[in-house]
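Let me begin by presenting the structure, written as structure tokens, before commenting on it.
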Amino acid sequence: MKTGLLLIFFLVSPAMAQLAVKARVVYPMTGDLAPLSDAVILCGPDGKIQQIGLAAGIPIPAGWPVVEAAVVVPGLIDARSTVGLSGVLNWERRDQEQLETSAPVQPELRAVDGYNGRDPLVAWLRELGVTTVHTGHAPGALVSGQTMVIKTNRASVVDANDLLAPVAGISVTLGSDGFAKNDKSAPGTRAKSVALLRAELIKAQEYLTKLQIADPSKHPDRDLHLEALASTLRREVPLIITADRHHDIAAALRLQKEFGFRLVLDSAAEAGLMLDEIKASQAAVIVHPTMARAVGERENLKFTTAADLLAAGIPFAFQSGHEDYVPKTRVVLFEAAMAAAHGLPPGQALAACTIRAAEILGLQQKIGSLEPGKDADLALYDGDPLETTTHCVGTIIDGRQVSRERR
Amino acid sequence: MPQTAEIRSSSLRMVMLSVPAGLLAAVMVGLAVEPAGLKEPVGREVDRPAVVRAFTGATLIPVSGPPVADGVMVVRDGRIESIGPRAEVVVPQGAEVVDCTGKVIIPGLICTHSHIGAPSGGDASAPMQPEARVLDAIDIRDPSVARARAGGVTTVNIMPGSGHLISGQTLYLKLRSGRTVEELAIRNDDGTLAGGLKMANGTNSLREAPFPGTRGKSAALVRQEFLKARDYQRKKAAAAAGDPATGPDRQLAMETLVEVLEGRRVVHHHTHRADDILTVLRLKEEFGFKVVLHHVSDAWQVADEIAAAGVGCSIINLDAPGGKLETRDLDWKNGAELERRGVVTAVHTDDPITDSRWMLRSAALSVRGGMSREKALESVTLAGARLLGLEARTGSLEPGKEADMVILSGDPLSIYTRVLETWVEGRLVFDVSRPADRLAAEGGPGAGQARWGGTCCFSR
């Protein structure tokens with residue numbers, strides 16, 4: 001198909017190493033989030049932003065290709081996804097790698113080993129302006145595995161340079177969505193879930209203690225499972241805890257106090273009931289997709305949750321999340337738009353899928369806003385990006401145009 | 001428990017102000033529409049349907065004709081009496097005047113494919129169960145029904161699922177505030193309940209025996225069943241003409257299929273892949289039934305054939321393609337491709353696939369795919385009425401029609417627009433300023449009202 005050929009061309013083409021982008025409105029997503037009118041962004045041969053400012057003050061160097069759009073924002077960041085693992089066909093044991101149910105606690109499962117950068121859903125997000133995804137193992141088991149951060153133009157992961165973060169977090173699910181599936185193995189209750197998780201974290205504590213013994217011959221054998229959990233106790237990697245009911249959120253906060261790991265709350269449908277407690281914990285929230293189905297553990301979700309978190313001063317970002325059926329992936333742009341329709345100021349809605357997401361992922365020095373020295377990742381639109389009827393008209397990653405679709 | 005956050009209506013207006021208006025707002029046919037009135041209290045006697053009301057000052061979008069700025073619509077006894085510009089419509093003496101200045105009024109939304117009310121049809125015992133009525137399963141107190149009203153939906157076709165070749169009888173409802181499903185049901189002229197027959201092909205109905213395992217078998221089973229219905233129909237007719245005692249025993253399944261054969265019941269046919277769509281058209285040709293194609297993911301690939309067959313389409317827009325092999329090529333351009341060929345096209349929610357509260361957004365996705373704004377708005381109103389055979393009573397704002405309408409804060413296709421009120425037959429069924437309605441519109445603690453049965457005090 002034409003699309004595929006074009007993409008291959010742009011992905012491999014070394015020709016577009018420098019690029020000027022002109023737009024009537026640019027959201028650099030810096031400071032007070034104010035937009036620039038009639039602005040130019042120069043993307044240097046190193047794939048970084050060289051210069052950004054009003055068009056009047058930035059001459060475009062002779063010979064540079066120029067791309068124009070009505071509105072430009074930083075490349076969108078999906079703060080929690082399963083794309084690349086959860087494929088378009090939804091075909092068990094063929095393109096569904098996001099959830100392994102053979103045991104309740106498997107923190108050793110790496111996201112990179114299940115990731116297919118050529119799945120059509122990755123391209124789908126890219127063509128709508130998403131340049132970076134935090135993807136990996138889905139909620140659905142007590143500890144389902146690891147997550148990672150990758151740009152949406154990396155078709156294959158060969159080494160660590162292809163990733164922005166090889167281990168971005170370890171996914172934990174509290175509440176009934178994390179109960180064991182299709183068998184009688186534990187956990188089947190909330191109390192059992194937390195007891196199991198505490199027991200595992202205590203084992204990891206002991207593993208760390210033994211590693212501190214002076215005599216290396218007395219160290220324990222390497223254990224991928226405990227190593228992964230220990231990395232959260234060392235605060236190198238956060239635990240991303242999916243908790244929707246208020247009492248599951250409380251359980252997550254209790255665990256954080258006991259073990260001292262970095263906590264990122266995921267989904268948090270009933271966060272509105274727990275704003276003071278969440279704020280005190282300093283946890284960030286990757287809020288459920290605004291248009292997630294209001295059923296099961298999320299039956300009390302609220303379209304104003306993002307606005308409530310903003311008002312409470314709790315950092316948050318949007319996610320596409322995981323869908324078992326359709327839409328097989330959601331799009332953070334659309335989730336942000338629906339939040340903007342429910343009380344979140346539009347500028348903040350865009351920030352939550354750009355700079356705020358970068359901050360929560362610890363990547364704000366590299367991506368998330370348009371500033372000199374940062375990666376030249378841009379999303380181009382023919383109008384207000386949050387309007388349903390607007391089109392994404394181009395996507396740029398590392399200074400190269402990776403999509404020219406009008407989507 | 002914190003109060004529901006106030007809608008920050010001011011933020012609705014600060015949308016990317018710096019972008020030229022022509023690029024952005026492009027409000028319905030160029031009428032400037034400001035979001036307004038989200039917080040105004042409503043002091044109306046909503047339970048007096050006989051009262052005469054005049055809705056004044058709004059931009060009226062009748063769908064059947066061009067929009068009217070600063071319009072007046074008079075509603076009497078649940079029906080639209082007159083509609084037009086302020087200068088041309090006389091507000092009757094004694095009418096209650098409802099000031100809608102700055103707001104937009106559109107016809108009530110019609111969802112041609114919905115599963116609100118937790119319905120079910122046939123069970124796992126057989127692939128074809130036309131005798132199963134969704135009527136007997138709908139819970140009108142399920143939260144999904146109130147949410148649909150909150151989304152501006154006034155008429156729905158409630159369907160059983162797509163896991164059968166024939167999963168049962170569908171039911172057309174008006175979302176009136178009633179206590180029983182019968183109070184919501186739409187009736188045919190002869191007093192029977194209006195509805196269609198749900199059928200499906202493709203992979204959803206391919207299951208373990210006694211279900212078919214292939215597409216060829218699926219079509220053969222359906223053809224044989226309709227041939228049986230023809231025999232049944234003939235024997236009934238023969239008996240009626242001769243000795244009534246010689247007729248066949250009543251068979252609920254056959255009676256339903258005879259209604260289909262006689263054009264008294266429309267087939268609502270789930271179908272995705274291009275070849276499956278053509279299979280439906282082949283069955284329609286053979287048995288001459290009236291059919292509406294539903295979902296129709298590959299419509300853009302066989303749009304000429306669909307147009308030539310003269311059937312209507314009820315399509316879905318999703319935020320991404322896929323979820324199964326046969327929906328891999330789903331495309332937002334379906335609406336545009338069908339519009340170009342003059343096919344009557346509705347956009348549906350398939351709630352819970354898309355929440356009914358996002359129904360207008362679903363229409364906007366068709367605009368994103370190239371459909372005109374006018375046809376997109378028609379796709380969730382008048383086109384739906386046509387596909388359900390209800391266009392004489394609802395689907396547009398015209399004198400004589402039932403007063404089913406939605407009062408919006410602005411452009412129907414803008415994400416920032418909110419449903420303020422929903423009216424069915426002249427009665428207010430949703431008002432965002434009422435706390436219970438606000439809960440249905442936005443969610444929050446208590447919105448779920450888990451109603452499904454559970455076993456207290458046991459864990460597995």
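Side chains included, hydrogens not; waters and symmetry mates left out as well; all remaining heavy atoms used. Owing to the predicted nature of the structure, the values given are computational and were not obtained by experimental measurement. Sequence lines set the chain letters: A, B, ... in the order given, protein chains first and strands last, and positions in each chain run from 1.
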| task | Sort out for me which of Thr388(A), Asn90(A), Val88(A) touches chain B most, counting heavy-atom pairs under 4.5 Å. | result | Thr388(A)
| Who among Ala337(A), Ala294(A), Ala269(A), Ser320(A) has the most heavy-atom pairs with chain B under 4.5 Å? | Ala294(A)
Heavy-atom distance under 4.5 Å between the side chains of [X] and [Y], does that happen here?
{"X": "Leu273(A)", "Y": "Pro445(B)", "result": "yes"}
{"X": "Met338(A)", "Y": "Ile415(B)", "result": "yes"}
{"X": "Arg418(B)", "Y": "His342(A)", "result": "yes"}

Point-to-point distance, once rounded to the nearest 0.5 Å, from [atom1] of [X] to [atom2] of [Y]:
{"X": "Thr389(A)", "Y": "Asp411(B)", "atom1": "OG1", "atom2": "CG", "result": "7.5 Å"}
{"X": "Glu442(B)", "Y": "Thr305(A)", "atom1": "CD", "atom2": "OG1", "result": "10.0 Å"}
{"X": "Lys328(A)", "Y": "Lys324(B)", "atom1": "NZ", "atom2": "NZ", "result": "12.5 Å"}
{"X": "Lys302(A)", "Y": "Leu439(B)", "atom1": "NZ", "atom2": "CG", "result": "9.5 Å"}

| Donor-acceptor contact present, side-chain Trp124(A) to main-chain Asp319(B), <3.5 Å | yes
| request: Please confirm whether the backbone N or O of Gly448(B) pairs with a side-chain atom of Asn300(A), one donor and one acceptor, at under 3.5 Å? | output: yes
| task | Assign the ring pair Trp358(B) / Phe303(A) to parallel, tilted or perpendicular, where the plane angle (0 to 90°) is split at 30° and 60°. | result | tilted
| said: Please check if the number of heavy atoms outside Lys22(A) that lie under 6.0 Å from its NZ is greater than 12. | reply: no
| Where does Leu128(A) contact chain B at under 4.5 Å (heavy atoms): side chain, backbone, both or neither? | side chain
| task | Check each atom of Leu121(A) against the heavy atoms of chain B and say whether the ones under 4.5 Å are side chain, backbone, both or neither. | result | side chain
| Taking Leu365(B), Leu318(B), Leu325(B), Ile353(B) one by one, which has the highest count of heavy-atom pairs under 4.5 Å against chain A? | Ile353(B)
| field | Most chain A-contacting option - heavy-atom pairs closer than 4.5 Å, from Ala441(B), Ser414(B), Gly323(B) | value | Gly323(B)
For [X] and [Y], work out which heavy atoms get closest and say how close.
{"X": "Val326(A)", "Y": "Gly322(B)", "result": "CG1-O, 3.2 Å"}
{"X": "Arg368(B)", "Y": "Thr390(A)", "result": "CZ-O, 2.7 Å"}
{"X": "Leu89(A)", "Y": "Arg328(B)", "result": "CD2-CD, 4.2 Å"}
{"X": "Glu299(A)", "Y": "Arg147(B)", "result": "O-NH2, 3.9 Å"}
{"X": "Pro327(A)", "Y": "Ala320(B)", "result": "CB-N, 3.8 Å"}
{"X": "Tyr325(A)", "Y": "Asn204(B)", "result": "OH-ND2, 4.2 Å"}

